[in-house]
**Q** 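Input: one structure, supplied below.
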Amino acid sequence: MTRKLYLETFGCQMNVLDSQLVLGQLRAQGYESVTDRDQADIILYNTCSVREHAEQKVWSRLGELRPKKAENPNLIIGVIGCMAERDGINIFQKFPHIDILCGPGELDQLATLVHNAAITSAPNRTRQVALMGAAVRRSTTLDAAEDHLEMLDLSRSISPSDDISQAYVRITRGCNKFCTYCVVPYTRGPEVHRPPKNIIEEVQKLVSAGAREVTLLGQTINHYAFNHGDGRTTTFAELLYQIHEATPDLPRLRFVTSFPRDFTNEALMAMRDCPRICRYLHAPAQHGSDRILKLMNRGYTTAQYRDFLSRAREFMPDVSVASDFIVGFPTETEEDFTATMELVQECRFKNSFIFKYSPRPGTTAIDRFKDDIPEETKRRRNNQLLAAQQQASEQFNRELIGHKVEVLVEGESKLVSRRNTTRSNGIELGWEKPKPKITIQLVGRTRGDQIVVFEGHPKMKGQLINLQITSAQSLTLFGQLPTPKTTPILV
Ligand code: SF4
């Protein structure tokens, strides 16, 4: 009997990719993926511990499953990802109905864990646990022999039903930066760089299957440098050139997330020289005050950040840059906050993801600093910074009005969704039966990562099309398909 599997993903693009990879492995073992949790025999949550909100959602989902498990003791429930690694077996105290725990660094074992759980019925079933462990979590090096997770990426399978017009490929795993507010180095472990050959083959496989855009993923992606062990190193810039050259049929290649300090001129030149690499950088500045950056352990000053930005714009005047900021970090004064405001006003970011600081379990900051900025002050600063960024984004977007842009159509717009049935132009000929022409509000993404809403045909999903930009708001551009040239009909 085919077992049904429900997998819900929280958090970042890295988690989305992890879910796709483990789902591929489990499907290959005969599990069927379902979108209705109530139909499932196995329920997995791929979790995130960066934001409190995502974590609360997981706790609440697990609470909801308590009565279901009492009703059906054979239901298998698993928590995978960052919350599993951070909280470890302590999770069982609060939620004894969980059967599987698997950290992000051990996901290559998940299929075995699920199998082991599935072959034993309750009450004889034993809990299945795979976690990295404290020693690995605290280190900054991982022996190649220990990097068994490469097998997960190499196992990637593509099913005909998968929508892969936009696909992710990981080039690094883990992080060694240890920013004080962040739990990622402790949940994903030390930074590991994948062999270029494996990355290139994976991108080629996706392109052959129909990918139109591939986004390379890494926590600090531009820190990539693969040591071949024979004295040769492939740098991030070299990797970009190699992928670009090896995939001439891939229209768009992009990457996230960049670490400002690690950006070499060579990497910026690769972006400039390779026409199919999107000129978009997500390079979080996090703060405008050097004192706070130091407390955050970011490893750069605002002068270094400004230097990176001016070098990027020197090589690519049209580059689009997005940032992240944290407001209300412990001890942040009005003066510190003003410095962040000034950075946002000066840097012409396409957009910024702005967060109020909250102490996260497992981070250095929660032990080292008192969360001393009142919630009201955090909220005010958050709103002020949002307003400054909104103004900058609107100005940035307005510059595109009247211009033509290429978008990759992602699907139906959530902003407005209306169906419009019009008559085909062909009916003027008199003998042709009128055909309904369906148009809906679609959403596409520019090479610079701007969202464009326009009216088009549902079949345009996954296609690259050109649009004329007609108006702009801070978060969205509005466009239209170019009017087709009318050919006079001779009667
Ligand atoms: S660079 Fe800093 S914020 Fe980013 S994943 Fe690493 S520790 Fe976290």
Side-chain angles (χ1 to χ4, degrees), residues 10-18 46-55 81-83 85-86 103-105 132 134 136-142 149 168 170-194 215-225 236 255-264 267 281-290 292-302 304-305 308 321-330 332 340 352-369:
F10 298 85
C12 63
Q13 290 129 318
M14 199 63 99
N15 266 16
V16 173
L17 174 61
D18 280 339
N46 191 3
T47 60
C48 166
S49 46
V50 171
R51 307 266 162 248
E52 197 175 351
H53 183 61
E55 205 170 297
C82 289
M83 282 170 69
E85 184 64 48
R86 189 200 61 193
M132 254 186 319
V136 183
R137 272 188 257 143
R138 280 193 219 102
S139 73
T140 52
T141 51
L142 189 66
L149 211 52
Y168 296 130
R170 167 166 36 220
I171 73 163
T172 68
R173 284 188 271 274
C175 180
N176 285 352
K177 300 289 193 240
F178 293 93
C179 302
T180 53
Y181 54 83
C182 180
V183 77
V184 169
Y186 305 102
T187 56
R188 288 201 173 262
E191 193 172 285
V192 177
H193 304 183
R194 295 186 64 206
T215 303
L216 306 176
L217 298 184
Q219 311 293 346
T220 55
I221 195 158
N222 50 328
H223 193 235
Y224 178 89
F236 180 58
F255 56 87
V256 286
T257 301
S258 299
F259 195 72
R261 192 187 60 194
D262 296 331
F263 239 114
T264 61
L281 292 171
H282 180 202
Q286 299 297 11
H287 213 279
S289 149
D290 287 343
I292 299 287
L293 284 176
K294 202 163 182 189
L295 295 182
M296 289 176 164
N297 193 32
R298 287 292 285 176
Y300 54 83
T301 62
T302 47
Q304 286 168 315
Y305 189 88
F308 142 72
V321 184
S323 185
D324 293 355
F325 287 96
I326 295 174
V327 295
F329 194 79
E332 183 189 64
T340 300
S352 289
F353 301 93
I354 298 166
F355 304 98
K356 286 182 289 174
Y357 172 77
S358 69
R360 304 298 303 130
T363 62
T364 310
I366 197 171
D367 297 328
R368 197 175 285 174
F369 310 117

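Along the sequence shown, the residues carry numbers beginning at 1. Atom set for the values below is all heavy atoms of this structure, side chains included, hydrogens, waters and symmetry mates excluded. When a ligand or atom number is given, it counts from 1 through the structure's own listing order.
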**Q** Which atoms of ligand 1 sit under 4.0 Å from any heavy atom of Phe178?
**A** 7 (S)
**Q** Going by an N to O cut-off under 4.0 Å, is there a salt bridge joining Arg360 and Glu55?
**A** yes
**Q** Quick one: do Asp290 and Arg298 make a salt bridge, cutoff under 4.0 Å?
**A**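 Salt bridge between Asp290 and Arg298, a charged N being under 4.0 Å from a carboxylate O: no.
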**Q** Indicate if the distance from atom 2 (Fe) of ligand 1 to the nearest N, O or S atom of Cys182 falls below 2.8 Å.
**A**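 Under 2.8 Å: Cys182 has no N, O or S contact with atom 2 (Fe) of ligand 1.
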**Q** Is it the case that the side chain of Asp18 and the backbone of Gly81 share a donor-acceptor pair, with hydrogens and angles ignored and the cut-off at 3.5 Å?
**A** no
**Q** Using a strict 4.0 Å cut-off to heavy atoms of Thr220, name the atoms of ligand 1 that fall inside it.
**A** 1 (S)
**Q** Where is the nearest protein heavy atom to atom 3 (S) of ligand 1: which residue, which atom, and how far?
**A** Tyr181 OH, 3.5 Å
**Q** Show the atoms of ligand 1 that are less than 4.0 angstrom away from any heavy atom in Pro185.
**A**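 Answer for ligand 1: 7 (S).
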**Q** Suppose we call two aromatic rings close when their centres sit under 6.0 Å apart. Are His282 and Phe255 close by that rule?
**A** no
**Q** Between the side chains of His287 and Thr340, does any donor sit under 3.5 Å from an acceptor?
**A** yes
**Q** Check each atom of ligand 1 against the heavy atoms of Cys175 and keep those under 4.0 Å away; list them by number with element.
**A** 1 (S), 5 (S), 6 (Fe), 7 (S)
**Q** Can you name the atoms of ligand 1, numbered from 1 with element, that are less than 4.0 Å from a heavy atom of Val184?
**A** 5 (S)
**Q** Could you give the distance from CZ (Phe369) to CD (Glu332), rounded to the nearest 0.5 Å?
**A** 13.0 Å
**Q** Of the listed options (Pro260, Cys12, Cys179), which comes nearest to atom 7 (S) of ligand 1 when hydrogens are ignored and any heavy atom counts?
**A**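 Looking at heavy atoms only, Cys179 sits closest to atom 7 (S) of ligand 1.
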**Q** Of all the heavy atoms in Arg298, does at least one lie under 4.0 Å from an atom in ligand 1?
**A**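 Yes, Arg298 has a heavy atom closer than 4.0 Å to ligand 1.
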**Q** Tell me if the centroids of the rings in Phe259 and Tyr300 come within less than 6.0 Å of each other.
**A**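 So the answer is yes for these two rings.
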